[in-house]
Amino acid sequence: MGELSNLYPKALWQNFESLTQIPRPSKKEKRIIEFMKKFGEELNLETIVDDVENVIIKKPATPGMENRKVVVLQGHLDMVPQKNSDVVHDFEKDPIQAYVDGEWVTAKGTTLGADNGMGVAAAMAVLQAKDIEHGPVEALFTIDEETGMTGAFGLKSGLLDGDILLNMDSEDEGELYIGCAGGVNANVKYKFEKKSVPSDSVAFKLSLTGLKGGHSGLDIALGRGNTNKLLNRFLWHASNEHGLRIANIDGGSLRNAIPRDSFAVVTVPNSNKEDILKCVEKYNELYKKELVLTEPELKFVAEPTNMPEFVIDEITQKNLLAAVYACPNGVIGMVMDMPGVVETSTNMATIKFENDEIDIVCLLRSSNDSKKDDLMYMIQNVFELGGAKIIFDGTYPGWKPNLDSSILKTMKDVYKNKYGKIPEVKVIHAGLECGIIGDAYPDMDLISYGPTIRFPHSPDEKVNIDTVKKFWDFTVETLKNIPVK
């Protein structure tokens with residue numbers, strides 16, 4: 001174990017450090033599932049791997065606490081695999097290189113996995129503990145939260161006995177979440193024809209890099225650039241003004257991350273070679289000025305490259321660039337009675353060329369179902385007018401707030417008694433598994449909380465050390481104060 005294992009609480013940080021050594025990107029969780037199964041069995045606790053490979057570990061109450069309500073400690077096993085473009089890292093093989101950086105723990109050029117490794121590590125520490133009081137505890141470790149919530153959707157009724165669910169997947173210490181946004185994926189497809197590269201052309205690789213990216217829900221209101229939208233803006237102008245033709249676009253990597261890097265291979269007439277280079281310089285400066293406060297590391301460059309085998313047909317190129325330009329992106333609306341809370345948003349997450357198709361994925365979020373539907377139809381019309389086909393899938397429900405929640409009252413009281421202030425009660429503009437789990441267990445009382453994590457879903461991800469201590473101490477005190485059943 002390294003320097004993380006010397007932090008407090010020791011058991012939590014040791015568990016988290018163990019998690020960093022096990023590759024666990026979404027949909028590639030076999031090793032972490034086996035690890036968690038072995039973890040439960042070695043503690044001689046009832047351990048279940050369900051049909052979709054969620055892991056459930058059950059621990060009896062400590063003496064004298066048998067009559068308390070059953071608490072489910074819940075977190076997800078997978079993490080978002082994002083890295084800086086200059087970092088060599090295989091998320092299916094390589095461990096995360098986590099280290100202490102002042103008041104924070106972060107990773108070397110990759111996502112850290114504190115989302116949701118912190119919640120998982122805390123639940124593991126409770127299962128291990130012999131010195132804390134608690135009633136009956138069940139730990140639920142779900143799979144594939146980040147790319148489809150497969151684990152939560154596949155969870156069957158009857159596996160859990162819990163009365164209360166403590167979801168430990170929120171990212172601001174001192175805040176209790178009682179609701180979240182629902183979401184849906186928009187999958188756009190363009191068919192194109194391969195055309196010969198115009199004669200007397202030169203080829204360039206365009207690279208728009210160095211942006212912060214981040215969580216497409218939590219960070220959507222921070223004013224960060226979306227490289228897919230920015231690159232398309234340039235391509236549209238250069239296509240109209242300099243005869244640019246597109247051979248390939250590769251933008252973004254994950255549906256739930258704001259794209260940080262986008263690339264394109266293009267051709268222009270040889271006579272326009274100098275003009276296109278000047279145009280790239282112009283837009284590099286323009287983007288830097290527009291995003292001076294949020295994207296100080298932005299870099300847009302053009303480099304000569306090998307001539308591509310083909311370019312896409314002009315009609316598809318025109319329709320594609322126009323539709324991507326017109327498609328809404330970012331914050332669409334705010335919650336009127338909760339200042340500062342985003343209600344509805346969309347993220348143009350990825351643009352990829354695959355064989356004879358162009359695939360675009362947007363992730364739409366809203367805590368208002370009718371506003372989510374309206375945004376779906378808006379985006380549908382934009383792309384259908386541009387000749388594309390669009391399919392919506394991966395819909396997941398929002399989580400309707402319950403201000404009368406008994407666990408909310410308990411945790412507010414515990415927090416006030418321990419820290420001298422009342423925690424903020426909020427709704428989060430992100431997808432949490434609570435709403436889905438609540439569908440399978442409608443009588444369960446739900447709440448979400450966690451330590452302070454910044455820049456999840458990006459290589460800048462970090463977790464604040466002091467808030468991990470508070471998160472743990474708050475969890476321990478909450479378990480002591482769970483009501484009698």
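Every value quoted in this text rests on a predicted model; they were computed, and no experiment measured them.
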What are the two closest non-hydrogen atoms of [X] and [Y], and how far apart are they?
X    : Y    : answer
N306 : A203 : O-CB, 3.7 Å
I379 : P328 : CG1-CG, 3.9 Å
L244 : Q317 : O-NE2, 2.9 Å

- Pairing residues for T344 by the side chain to side chain donor-acceptor pair (under 3.5 Å) criterion, not counting sequence neighbours: S366

- Would you give the length of the straight line joining atom CZ of R24 to atom CD1 of I143, rounded to the nearest 0.5 angstrom? 14.0 Å

- Item | Atom pair CD/CG of E17 and N6 - distance to nearest 0.5 Å | 8.5 Å

Please answer whether the main-chain N or O of [Y] pairs with a side-chain N or O of [X] as donor and acceptor at a distance below 3.5 Å.
X    : Y    : answer
Y325 : W236 : no
N248 : V265 : no
N284 : V280 : no
T467 : T452 : yes

- Of all pairs that satisfy side chain to side chain donor-acceptor pair (under 3.5 Å), the ones with a partner from residues 84-105, not counting sequence neighbours: N84-R260

With [X] via ring pair (Phe, Tyr, Trp, His ring centres under 6.0 Å) - residues at least two apart:
X    : answer
F234 : Y283, F300
Y8   : none
F474 : Y415, Y449

- Item | N228 and S262 side chains, donor-acceptor separation under 3.5 Å | yes

- Are any non-hydrogen side-chain atoms of D115 and H76 less than 4.5 angstrom apart? yes

- Checking K27, K28, K30 against D144 for salt bridge (Lys or Arg N to Asp or Glu O under 4.0 Å), the one that qualifies is K27

- Query: Quick one: salt bridge (Lys or Arg N to Asp or Glu O under 4.0 Å) pairs with a partner in residues 168-196, sequence neighbours left out?
  - Reply: D172-R454, E173-K470, E175-K426, K189-E357, K189-D359, K191-E357, E193-K195, K194-D356

